[in-house]
There are 2 protein chains.
Amino acid sequence: MSRPKNEEKLHAIHRVVLKLLVRSGFSSVKMADIAKEAGVASGTLYIYYSSKEGLLNALFVLTKQEIAQHMFRMFDPKEDYLISFRNMWFAYMQYCIDFPEKMLFVEQFLYSGLITAENIERTELFFEPLNTFLDTGRKKKYLLNIDAALLKASMAGSIHELVKWMHSQQIKPNNSLLENLFRLQWKGISL
Amino acid sequence: MSRPKNEEKLHAIHRVVLKLLVRSGFSSVKMADIAKEAGVASGTLYIYYSSKEGLLNALFVLTKQEIAQHMFRMFDPKEDYLISFRNMWFAYMQYCIDFPEKMLFVEQFLYSGLITAENIERTELFFEPLNTFLDTGRKKKYLLNIDAALLKASMAGSIHELVKWMHSQQIKPNNSLLENLFRLQWKGISL
DNA sequence: AATTTAAATGAATTATTATTCATTTATACA
DNA sequence: TGTATAAATGAATAATAATTCATTTAAATT
């Protein structure tokens with residue numbers, strides 16, 4: 001009976017938030033600018049979300065989910081441990097290289113003071129399989145006997161920082177660079 | 001002839017910015033709140049700095065400088081390479097553990113959109129000795145043949161993420177944990 | 001084609017927050 | 001002790017940005 005929401009508009013809004021964030025930082029993500037750049041009226045944003053905070057929180061959850069899906073897509077627990085580890089590492093690294101704006105947004109929003117505690121919890125659950133995977137590695141003596149959370153933090157942190165650096169310097173990583181980085185990481189955490 | 005500025009006020013202001021940032025994110029750092037929490041009038045902030053942007057930029061430069069000083073304090077180029085590396089790694093790690101709010105501020109402000117290009121350049125110079133040190137390590141075959149900037153990003157990133165994680169979980173790291181982490185890092189990047 | 005419903009609009013409003021400035025206060029120096 | 005000077009104050013103002021809402025538009029159903 002009624003006019004349907006235009007899904008393409010919603011995607012445009014999401015795209016633009018990330019674009020503005022990368023272009024000039026969190027402080028420049030304004031509702032009016034999002035609307036203008038996405039080609040919609042500012043009031044339209046409030047049809048999809050009840051507030052700026054709501055919009056950003058939803059985008060955060062969505063993006064985290066996408067990242068997790070991407071990372072675990074080809075994960076096969078029957079596969080060799082190193083191969084699995086490698087696959088996930090490259091999947092995550094490649095995702096960050098392909099979509100630095102998503103990685104940046106997720107990383108920054110986490111400390112913005114706008115994220116809800118509920119969404120922090122909710123999105124951590126997406127990565128539960130990774131914790132399990134790392135714990136298994138520890139138990140089976142593939143990995144150093146260090147808390148999975150620490151291993152995860154160490155890996156994610158260095159990937160993030162690397163990608164931010166490459167992004168800021170407009171450096172396109174080649175395969176051999178990525179291989180070197182992976183080797184460096186694996187060498188560090190494996191027994 | 002005139003009333004002097006109260007240096008203690010200035011320190012209080014700096015302290016409070018970092019405190020507010022950690023307490024509830026960048027979006028909650030308001031001039032009025034800074035003033036109230038620091039026990040000064042909001043107008044006073046504008047005696048020390050011409051704008052919020054100016055205040056934050058100054059604090060950023062100051063903090064970066066302090067970090068660099070701290071890190072290079074005991075650096076002696078005549079010392080054994082691994083020892084020097086170790087000293088600097090621990091100095092930085094310890095600094096981040098002791099002052100997570102400073103590390104968080106510096107990291108977040110870099111992508112806030114409020115930092116000036118000039119200050120980015122200026123503060124990068126503080127860390128020039130580190131680049132030199134890493135280049136030397138590469139040339140002398142102590143380290144993997146990877147761009148110094150990448151090594152630096154990889155190390156800093158994992159330290160930051162680890163400290164953020166420990167801070168958020170209120171975990172106090174013990175010496176053996178830090179030793180493990182250092183070993184992990186060194187193992188990763190050394191030849 | 002007419003009708004219904006909700007999407008979409010964007011100017012106006014409200015809310016928030018940075019900044020100013022007339023006034024007061026504290027210090028250094030004569 | 002008095003005076004000059006700049007620090008400090010905080011209510012008032014300006015600037016910025018989020019949100020609302022009366023109106024228009026487009027799709028779906030009859």
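What you see is a predicted model, and the numbers here were worked out from it, not measured in a lab. Residue numbers begin at 1 in each chain, while the letters A, B, ... track the order of the sequences.
Rounded to whole Å, the distance from NZ on A:K36 to C1' on C:dA8 is 18 Å. What separates CG of A:L55 from P of D:dA18 is a distance of 11 Å, to the nearest Å. Distance, A:K9 NZ to C:dA7 P: 12 Å, rounded to whole Å. For the pair A:K5 NZ and C:dA8 P, the interatomic distance rounds to 8 Å; values are reported in whole Å. Rounded to whole Å, atom C1' of D:dA8 lies 11 Å from atom CD1 of B:I13. Remark: P of D:dA8 and CD of B:E8 are 12 Å apart, rounded to the nearest angstrom. Spacing between atom CD1 of B:I47 and atom P of D:dT5 amounts to 17 Å, rounded to whole angstrom units. In this structure, the CD1 atom of A:I34 is 10 Å from the P atom of D:dT19, given to the nearest Å.
Between atom CD of residue B:E118 and atom CG of residue B:N57 there is a gap of 9.0 Å, rounded to the nearest 0.5 Å.
Among A:E179, A:E79, A:Q185, the one residue that satisfies the side-chain hydrogen bond (donor to acceptor under 3.5 Å, both in side chains) test with A:R86 is A:E179.
The existence of a salt bridge linking B:R138 and B:D135 is confirmed by a sub-4.0 Å separation between a basic side-chain nitrogen and an acidic carboxylate oxygen.
Between B:F26 and B:F109, the ring planes lie parallel to each other; the angle is under 30°, not in the 30° to 60° tilted range. Note: B:F90 and B:F182 have tilted aromatic rings, judged against thresholds of 30 and 60 degrees for the angle between ring planes. Using cut-offs of 30° and 60° for the angle between ring planes, the A:F133 and A:Y81 rings count as parallel.
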With B for base contact, S for sugar-phosphate-only contact and - for none (protein heavy atoms under 4.0 Å), nucleotides 11-23 of chain C reads B-----SSBB---

Can you build the contact string for nucleotides 25-30 of chain D? Use B for base contact, S for sugar-phosphate-only contact, and - for no protein heavy atom under 4.0 Å. BBBBS-

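The number of heavy-atom neighbours closer than 6.0 Å to NZ of B:K36, taken from other residues, nucleotides and ligands shown, is 12 or below. Within 6.0 Å of CD on A:E128 lie more than 12 heavy atoms contributed by other residues, nucleotides or ligands.
For an aromatic pair to be called close, the ring centres must be under 6.0 Å apart, and B:F85 with B:Y142 fails this.
Phosphate contact (OP1/OP2 of D:dT19, side-chain N/O of A:Y49, threshold under 4.0 Å): absent.
Here the nucleotide nearest the side chain of A:V40, chosen from C:dA7, C:dT9, D:dA8, is C:dT9.
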